[in-house]
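Below, read A as the first sequence line, B as the second, and so on, with proteins coming before strands; counting in each chain starts at 1.
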Protein chains: 2
Amino acid sequence: MSSSHLMNGFEGVSTAPQYCLICCEVADGHHFGAPACRACAAFFRRTVQLNKNHECPKNNQCFILSNVRNMCRACRYDKCIDVGMKRSAVQQRRDQLGKRDEIRSTSECFSRRGEPVLDTMKRAYEKLLVVRKSVHNRVENQPPRPICFSELQQVYLKEMTVVYQFLCEAFPEYYEFLPDTKRSLFKNFFLPFTLLESSFNGHSTNKQDVMLIPSGDYIDLEHLESYFTNNHDKFSQEKTISMFAQQFQLLRTCITHPLHAENVDTYEFLALAAIILWESDLEADLDRQNAQEEAIQMRNAIIRDLLFYYQSMNIYDDVALRLGTILSILPSIQRASYRFHEYMEIKNLLNLYALPQNLFDMFSPVS
Amino acid sequence: MSSSHLMNGFEGVSTAPQYCLICCEVADGHHFGAPACRACAAFFRRTVQLNKNHECPKNNQCFILSNVRNMCRACRYDKCIDVGMKRSAVQQRRDQLGKRDEIRSTSECFSRRGEPVLDTMKRAYEKLLVVRKSVHNRVENQPPRPICFSELQQVYLKEMTVVYQFLCEAFPEYYEFLPDTKRSLFKNFFLPFTLLESSFNGHSTNKQDVMLIPSGDYIDLEHLESYFTNNHDKFSQEKTISMFAQQFQLLRTCITHPLHAENVDTYEFLALAAIILWESDLEADLDRQNAQEEAIQMRNAIIRDLLFYYQSMNIYDDVALRLGTILSILPSIQRASYRFHEYMEIKNLLNLYALPQNLFDMFSPVS
DNA sequence: CCGAAAGGGTCAAAGGTCGG
DNA sequence: CCCGACCTTTGACCCTTTCG
């Protein structure tokens with residue numbers, strides 16, 4: 001609306017020919033929202049269509065005029081935007097069907113720098129599993145047993161360090177960040193990862209209704225009596241169980257069942273965990289802004305790796321469909337994680353199966 | 001405004017298929033025997049008049065939708081025919097008068113079952129946009145203005161009904177559920193959808209730091225003074241803003257920025273919204289168990305549609321990669337939604353910019 | 001005779017092509 | 001490779017015809 005007003009005003013002043021607001025040549029009507037010559041219009045269209053990112057070799061203040069309009073692409077483009085050209089006015093490319101198909105076969109091979117991200121992660125995860133055995137004093141072939149709240153708490157106090165180490169090994173990018181950024185990422189990661197991993201390990205031992213925790217023991221979701229053992233002043237055991245049964249039911253419906261329904265494998269589990277880590281929403285300071293950039297790169301790399309994995313497996317007719325199915329479990333995990341945290345908050349408020357502050361803190365997302 | 005009025009507003013619009021059966025845009029009446037938009041009508045007329053013979057470079061199964069309707073002329077023409085357009089209705093000369101009578105009936109019986117899920121949704125969304133104009137008393141070309149909290153509240157009270165209608169139209173499956181199940185799904189959907197849509201609309205008007213709300217007005221994230229206008233006993237305006245600036249900052253980092261960074265388009269936005277709806281974790285009772293099943297089917301259908309869309313666009317070297325990139329925005333949305341809700345709870349506790357109970361309730365996920 | 005619906009035509013502004 | 005002259009299509013806008 002406003003631009004047409006401007007234009008009316010403009011026309012009112014000079015009924016004579018209009019001039020290209022970018023290079024001052026005689027204009028050829030409006031293009032993408034501004035009076036422009038064909039050349040500048042075409043330049044703008046190409047820049048947008050092909051998603052070019054020009055860089056100015058100087059100070060972003062190059063002089064643009066018809067005879068020198070090609071001296072600096074970045075500044076020419078900037079001027080296009082300044083005079084009111086709209087990227088959104090550039091349309092989808094037409095008639096492009098088929099033309100890319102020949103190209104596609106060649107681009108099938110993924111260009112990746114070094115080793116796949118998920119492979120590094122997988123190695124770090126293998127190591128994590130070994131480390132855990134000693135950290136949690138696990139004897140070889142010790143059979144899993146149901147665990148109670150206070151034991152679980154001990155496990156996760158140790159896990160904080162273990163998981164942090166794991167992240168540093170799995171993602172050199174993570175290791176490089178400033179402590180504050182690392183901490184933020186960690187806090188966003190720890191709880192959903194914990195829930196996802198326990199559910200996954202339960203699932204992968206074919207026991208759907210069990211959370212297999214990092215120490216090797218488990219929480220039996222069907223029989224929470226053994227979890228809520230402590231006698232507590234305020235509430236009876238039954239009461240406690242009925243109060244918090246939902247908390248664990250939640251994990252079943254949001255995490256365990258989807259994992260089971262899609263028969264998620266380890267590599268997929270790692271990919272999900274990795275995306276949760278790199279689904280960062282940081283950018284408060286400079287380091288976090290870098291993290292934000294990095295996070296996007298990482299997520300893309302993860303997806304690429306996962307696709308490559310699917311292609312190599314060669315068991316899915318449509319790898320993209322599988323990818324979509326797996327990724328659409330993500331919101332469930334996130335949701336379960338948030339709700340689970342709410343229950344933890346309630347428990348803390350009631351001082352009922354409360355966590356020590358440092359542990360609770362690590363389970364709490366940043367905000 | 002009473003809810004019956006809202007219904008009337010909705011029903012008033014819904015007479016006959018109002019959408020172009022070729023590209024799903026709002027239709028402009030019948031053309032050549034089928035409901036169609038002007039563009040598709042003109043395209044069909046030219047094709048027949050000039051006796052063009054288009055050829056499909058692919059397999060004659062290209063995806064046609066408003067923004068990619070020009071990707072393949074052959075398939076667009078084929079869809080015109082499929083949808084019931086008659087070559088004979090195109091006049092070669094003005095003096096030859098077509099007989100319209102026999103044509104009219106054929107178009108009515110066009111079956112949209114088996115149609116892509118996202119197409120039905122897209123049509124319902126187009127309708128939603130129209131409905132909103134009347135529901136929110138929008139005059140044509142009314143310029144958007146910054147809105148304050150109390151106005152926003154009014155808007156969302158109306159939106160409850162409007163969005164519910166939208167869901168029923170977009171997903172016949174949803175409509176079939178029991179009220180309780182519908183309610184659960186709705187409550188899980190409403191807040192993230194609201195945040196996603198406002199951000200998306202801000203993004204698609206190239207204003208990154210603005211939430212464009214359904215009424216057409218906006219919240220200026222850079223200048224919250226106009227949002228928090230009410231004088232309040234407990235806290236000064238500055239204090240309030242500083243308290244809740246984070247709440248909106250959150251939306252920027254978690255939703256607006258990712259949408260912007262990936263340049264998400266309308267179809268992708270709808271797909272994200274659809275997955276959020278169908279990312280259900282219900283199964284308390286029998287109907288909900290059905291819903292759970294249905295939800296998995298729906299998510300797969302959505303992903304399939306999205307992939308087909310990407311393939312038809314033919315602008316991505318790797319459609320699966322694009323799919324992954326877009327889907328990995330989901331946890332951010334979910335996270336933002338949960339945190340946003342926490343802020344809402346705080347406000348309610350403080351009775352500071354609190355929502356009426358029924359509205360707050362609809363913004364609260366089930367647990 | 002009027003107004004709505006559904007034809008037709010026009011042209012600014014999109015898009016694509018292809019030597020330079 | 002990019003540029004831009006040159007040509008094709010698109011679709012918003014407006015006019016025309018028919019019909020109840």
- Message: Is a donor from one side chain sitting under 3.5 angstrom from an acceptor on the other, for H260(B) and N263(B)?
- Response: no
- Task: When you get a sec, tell me which of dG15(C), dC3(D), dT9(D) is the closest nucleotide to the side chain of R73(A)?
- Result: dC3(D)
- Task: Measure from NZ or CZ of R69(B) to the centre of the six-membered ring of F43(B), then state whether that distance is under 6.0 Å and the direction lies within 45° of the axis.
- Result: no
- Of E25(B) and A42(A), the one whose closest nucleotide on DNA chain D sits nearer the 5' end is A42(A)
- Calculate the interatomic distance between N70(A) atom CG and dA5(D) atom P; express it in whole Å. 11 Å
- Message: Of the options dT9(D), dG7(C), dG11(D), whose atoms approach the side-chain atoms of K52(B) most closely?
- Response: dT9(D)
- Are any of the side-chain nitrogens in R38(B) or E25(B) under 4.0 Å away from the carboxylate oxygens of its partner? no
- Does Q91(B) place a side-chain N or O at less than 4.0 Å from the phosphate oxygens OP1/OP2 of dA6(C)? no
- Rounded to whole angstrom units, what separation is found between the CZ atom of F44(B) and the C1' atom of dG7(C)? 13 Å
- Item | F63(B) ring center within less than 6.0 Å of Y267(B) ring center | yes
- SB check E151(B) K158(B) (cutoff 4.0 Å): no
- Task: Using a strict cut-off of less than 4.0 Å between a Lys/Arg side-chain nitrogen and an Asp/Glu carboxylate oxygen, indicate whether R73(B) and E55(B) qualify as a salt bridge.
- Result: no
- Here DNA chain C, pairs taken as Watson-Crick or G-U under 3.5 Å and shown with ( ), [ ] when crossing and | when to another strand, reads .|||||||||||||||||||
- Would you indicate whether the side-chain heavy atoms of N60(B) and D78(B) approach each other to under 4.5 Å? yes
- Spacing between M71(B) atom CE and dA14(C) atom P, to the nearest angstrom: 19 Å
- Message: Walk me through whether R299(A) and E173(A) qualify under salt bridge (Lys or Arg N to Asp or Glu O under 4.0 Å).
- Response: CA-CA 12 Å; R299(A) 293 207 306 257; E173(A) 298 83 354; over 6 Å; no
- Message: Please report the distance, rounded to the nearest Å, between NZ in K86(B) and C1' in dA6(C).
- Response: 16 Å
Enumerate the protein-to-nucleotides 10-13 of chain C contacts in which both atoms are nitrogen or oxygen and the separation is below 3.5 Å.
| residue | atom | partner | partner atom | Å |
| --- | --- | --- | --- | --- |
| dA13(C) | OP2 | H30(A) | N | 2.8 |
| dA13(C) | O5' | H30(A) | O | 3.3 |

- Is there a donor in the side chain of E197(B) and an acceptor in the side chain of Y125(B), or the other way round, less than 3.5 Å apart? yes
- Query: Quick one: N67(B) CG to dG15(C) P, roughly how many Å, whole number?
  - Reply: 13 Å
- Round to a whole Å and report the spacing from CZ of F43(A) to C1' of dA5(D). 17 Å
- Item | Length of the line joining R38(A):CZ and dT17(C):P, which is rounded to integer Å | 17 Å
